[in-house]
Amino acid sequence: MAFTAADSARCRADFPALSRTHAGQPLAYLDGPAGTQVPQHVIDTIANAYSRYNANTHGQFPTSNDVDAAMERTRAVLADFLGVAGGSCISLGANMTTLNYALSHAVERTLKPGDEVVVTELDHEANRAPWMRLANAGFVVREIKLNPDGRLDEADMRAKIGPRTRLVAIGYSSNALGTVNDVELARELTRKVGAWLSVDAVHYAPHFVMDVAGLDPDFFLCSAYKFYGPHIGILYTRPGLLETLPTDRLPAQEPVAPYRIETGTLNHPAMEGAAAAVEYIASFGSGATLRQRVVDAVSSIGAYEHGLAAHYHAEVGRIPGVRVWGTDFSTRRRAPTVSITIEGRTPFEVATTLGREGICVWDGDFYAVKPIEVLGLTARGGVLRTGVSMYTQAADVERLLGALRRIAA
Ligand SMILES: Cc1ncc(COP(=O)(O)O)c(C=O)c1O
C-alpha cells in the first residue's frame, strides 16, 4: 500500500496539535527529528490507562492485572515494530539516554584492563558520552572518523575495531545529517572479533523498517517520541544476554530480562502510548499480522518522506548563499533530515525568524556536538535542521523554501 500525499494530508486530522495556528497560519512542524506530534489514538490510549486502570504492576486485583496485561502487550507490539520475536527482549525506560547510561554501567563491570570500546564521531552525545566515560575508568575509547561528506570513514571503522574491542556503539542514522551508517558492516566486524554491537536507532526508527532480528545486534535502542509516541526509551537486548550483565538494580528487583535493567516504577500509561503509536503507524499498512502492517506502512511512509526531503534538499541547495551539509538523496538509505547553513546568518537568527512565522525548525547541534565540531560549525552556531514527518505537506516545504529565499536574499 503506497502512502500518498493525499494520505499524508488526511492523517493530519488525527493529530490535534497540527490544528494550532500562529500569526494566522497553521504551524509548520518541521522539527520531527527532535520529536514528533502525537495522534489522538495515542492520547486516548494514555487517557484510558489513567482513567480505567491506574495501578502498579503485579498486584492481586483487577486494575493491577490490567496493567500487567497492558505492559506485556506493549512489549509484544514494540517487538513487532523492531522486528524481533517476543516482548521479553524489550526493556523500557525514561528515554534512550537513561537506558544507555544504565547499559554502559553494566557493560563497564564486565570489562578488563586493556579492553576497548568504539564510538563514532557522527553520533549524538547520548551514544557517545555514556561510552566515552569509560576512558576515565582506564579503558581505551576509540572514535571512528567522520569524513567531511557526512559519512563515517569505512577504512577507519575497519582499523578501529580490533581484537581488544569489547563493544561498538554506533548510530543507525545521524540526527544532524541524516546519514544512514553501515551498521551491517559494523556487525560483521564486531562478530569477527567477538565484540558486542550496540545500535542507536533513535533517528532511524521513524523512517525505516527495522529488522533487528536480521541485523542481530546485541543492543538496540530507540525512543518513542520520535515516532509519534510519548517520551519513553526502548532497549532491545539479544535474548540471554541481559541476564549475564551486572546491571544497577535493587536486590529485590526481578533479575531476569527484560526487567533486569528497568529501575523503579515505569511510566506504564506512556509505554502503552508507545505501543499505540506503533498501531497508529501500522494502520497505514496492509497485511495479516501487525508486523506485516508495520513493514508495509513504514516502508511506504518512509518513501513519501524521502521524496519530500529530496525535493527540499535539491531546492534549498539552489538558494544563493545556502550550503547543504551531508550526503545527497540518490540513495533511499538517507533519512529525511536536511541541515544547512546560510552565509552571513547564524542558524539561531534564521530559526528565530522562521519561528516568528510559525515555521518550527531547529538550530544548533541537537546534542550531535561532535559532528558539528568535525565539520567546523561549532563557532558558527551549528546548522539549521529540517525534518520531514508523515504529516509534512509539500506546502510546508514550499513555505519554508520561500522564507529561506527571502532570508538569504
Ligand atoms: C540520534 C539520537 N540518539 C539519541 C537521542 C537521545 O534520545 P532520548 O531523548 O530518548 O534520550 C536522540 C535525541 O534527539 C537522537 O536524535
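FYI, side chains are in, hydrogens and waters are out, and symmetry mates aren't considered; it's all heavy atoms of this structure.
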K160 (side chain) donor-acceptor with E143 (main chain) under 3.5 angstrom = yes
ask   = What about the rings of F329 and H306, do their centers lie closer together than 6.0 Å?
value = yes
inquiry  = Can you see whether S286 engages R293 through a side-chain donor-acceptor pair at a distance of less than 3.5 angstrom?
reply    = no
inquiry  = A side-chain contact here means heavy atoms from C-beta on lying under 4.5 Å apart; do L250 and T263 qualify?
reply    = no
request  = Let me see the working for T179 and L122 under side-chain contact (heavy atoms from CB on, under 4.5 Å), right down to the final yes or no.
outcome  = CA-CA 9 Å; T179 321; L122 182 53; 3.9 Å; yes
key: side-chain contact (heavy atoms from CB on, under 4.5 Å) between Y228 and Y391, intermediate numbers included   = CA-CA 10 Å; Y228 315 106; Y391 47 66; 3.6 Å; yes
message = I'd like to know if the side chain of E121 reaches the main chain of K145, judged simply by a donor and an acceptor atom lying under 3.5 Å from each other, with no hydrogens or angles considered.
response = no
key: Flag, side chain of T237 to backbone of F219, donor-acceptor distance under 3.5 Å   = no
key: Full working for side-chain contact (heavy atoms from CB on, under 4.5 Å) between T63 and R52   = CA-CA 7 Å; T63 51; R52 303 207 45 245; over 6 Å; no
ask   = Any side-chain heavy atom of V256 within less than 4.5 Å of one from E243?
value = yes
key: Separation of L103 CG from T98 OG1 (nearest 0.5 Å)   = 12.5 Å
request  = Write down the atom of A213, the atom of V84, and the distance for their closest heavy-atom approach.
outcome  = N-CG1, 3.8 Å
query = Which heavy-atom pair separates V298 from V209 by the least distance, and what is that distance?
reply = CG1-N, 3.5 Å
task = Find the distance between OG1 (T120) and CG (L152) and round it off to the nearest 0.5 Å.
result = 4.5 Å
request  = Answer yes or no: is there a donor N or O on one side and an acceptor on the other, between the side chain of D68 and the main chain of T57, under 3.5 Å?
outcome  = no
Side-chain touch P230/I46, heavy atoms, less than 4.5 angstrom = yes
inquiry  = Can you see whether S51 engages N48 through a side-chain donor-acceptor pair at a distance of less than 3.5 angstrom?
reply    = no
task = Working to the nearest 0.5 Å, report the span between CE of M71 and CD1 of I90.
result = 11.5 Å
query = Considering residues, nucleotides and ligands other than E72, do more than 12 of their heavy atoms fall under 6.0 Å from its CD?
reply = no
Worked verdict on E184 versus R333 for salt bridge (charged side-chain N to carboxylate O under 4.0 Å, His left out) = CA-CA 13 Å; E184 295 78 11; R333 276 174 76 91; 3.1 Å; yes
No-hydrogen, no-angle side-chain donor-acceptor test under 3.5 Å, H203 and T337 = yes
message = I'd like to know if E262 and R75 make a salt bridge, using a cut-off of under 4.0 Å between side-chain N and carboxylate O.
response = yes
task = Ignoring hydrogens and angles, tell me if any N or O in the side chain of Y312 forms a donor-acceptor pair with the backbone of L400 under 3.5 Å.
result = no
query = For the atom pair CG (D31) and CZ (R385), what is the distance rounded to the nearest 0.5 Å?
reply = 8.5 Å
ask   = So, do E357 and H22 sit near enough that their side-chain heavy atoms are less than 4.5 Å apart?
value = no
ask   = Does any non-hydrogen side-chain atom of C222 lie less than 4.5 Å from one of M96?
value = no
task = Considering non-hydrogen atoms only, spot the tightest contact between R133 and S104 and give its length.
result = NH2-OG, 3.0 Å
query = With a 3.5 Å cut-off and no angle check, do the side chains of T247 and R249 form a donor-acceptor pair?
reply = yes
Distance-only side-chain donor-acceptor flag, T327 / R334, under 3.5 Å = yes
task = Give a yes-or-no answer on whether the side chains of N95 and S223 include a donor-acceptor pair shorter than 3.5 Å.
result = no
request  = Find out whether T36 and Y225 are in side-chain contact, i.e. whether some heavy atom of one side chain is under 4.5 Å from a heavy atom of the other.
outcome  = no
message = Taking R128 first and then E125, would you say they form a salt bridge - that is, a charged N and a carboxylate O separated by under 4.0 Å?
response = yes
ask   = Does any N or O in the side chain of T289 come within less than 3.5 Å of the main-chain N or O of Q292, such that one atom is a donor and the other an acceptor?
value = yes
query = How about F227 and F81: are their ring centroids closer than 6.0 Å?
reply = yes
key: Any donor-acceptor N or O pair under 3.5 Å, side chains S8, Q393   = yes
query = Does any donor atom in the side chain of W325 or T341 lie under 3.5 Å from an acceptor atom in the other side chain?
reply = yes
key: Close side-chain approach of I340 to V383, heavy-atom, < 4.5 Å   = no
query = Would you call R109 and D248 a salt bridge, taking side-chain N to carboxylate O under 4.0 Å as the test?
reply = yes
inquiry  = Within the structure provided, determine whether R187 and D218 are in side-chain contact (heavy-atom separation under 4.5 Å).
reply    = yes
ask   = Which is it for R291 and D80 under the salt bridge (charged side-chain N to carboxylate O under 4.0 Å, His left out) test, yes or no, and what are the steps along the way?
value = CA-CA 5 Å; R291 175 64 186 167; D80 270 335; 5.9 Å; no
message = Quick one: does any side-chain atom of N147 pair with a main-chain N or O of G150 as donor and acceptor, under 3.5 Å?
response = no
key: Check: R151 main-chain N/O paired with D149 side-chain donor or acceptor under 3.5 Å   = yes
query = Should D216 and R191 count as an ion pair when the cut-off is N to O under 4.0 Å?
reply = yes
message = Strictly below 4.0 Å, N to O, side chains only: are D7 and R12 in salt-bridge contact?
response = no
message = Quick check: closest heavy atoms across P206 and V202, and the distance to 0.1 Å?
response = CD-O, 3.4 Å
Could you tabulate the donor-acceptor pairs under 3.5 Å formed by side-chain atoms of residues 359-367, not counting sequence neighbours?
residue: D365; atom: OD1; partner: Y367; partner atom: N; Å: 2.8

Distance-minimising heavy-atom pair for I43 and P16 = CD1-CG, 3.9 Å
ask   = Would you find a donor on one side and an acceptor on the other, under 3.5 Å apart, between the side chain of D115 and the backbone of R166?
value = no
Carboxylate-amine/guanidinium contact R142 E116, below 4.0 Å = yes
request  = Answer with yes or no after comparing the ring centroid distance for Y236 and F220 against a 6.0 Å cut-off, counting only values under it.
outcome  = no
Which pairs would a plain distance check flag for residues 270-281, meaning a side-chain donor or acceptor within less than 3.5 Å of a matching protein atom at least two apart in sequence or in another chain?
residue: E272; atom: OE1; partner: Y53; partner atom: OH; Å: 2.6
residue: E272; atom: OE2; partner: Y53; partner atom: OH; Å: 3.0
residue: E279; atom: OE1; partner: H41; partner atom: NE2; Å: 2.8
residue: E279; atom: OE2; partner: R73; partner atom: NH2; Å: 2.2
residue: Y280; atom: OH; partner: D14; partner atom: OD2; Å: 2.7

ask   = Any chance the side chains of N100 and D200 put a donor and an acceptor closer than 3.5 Å?
value = no
task = Would you please test E154 and L185 for side-chain contact (heavy atoms from CB on, under 4.5 Å) and show each step?
result = CA-CA 9 Å; E154 189 189 313; L185 176 63; 3.4 Å; yes
task = Mind checking the CE-CG spacing from M390 to L308? Nearest 0.5 Å is all I need.
result = 13.0 Å
request  = Identify the heavy atoms of T110 and P246 that sit nearest to each other, and give their distance.
outcome  = CG2-CD, 3.7 Å
ask   = Is it true that a side-chain atom of K370 and a backbone atom of H124 form a donor plus acceptor pair closer than 3.5 Å?
value = no
key: Interatomic spacing from OG1 in T97 to CG in N127 - rounded to 0.5 Å   = 9.5 Å
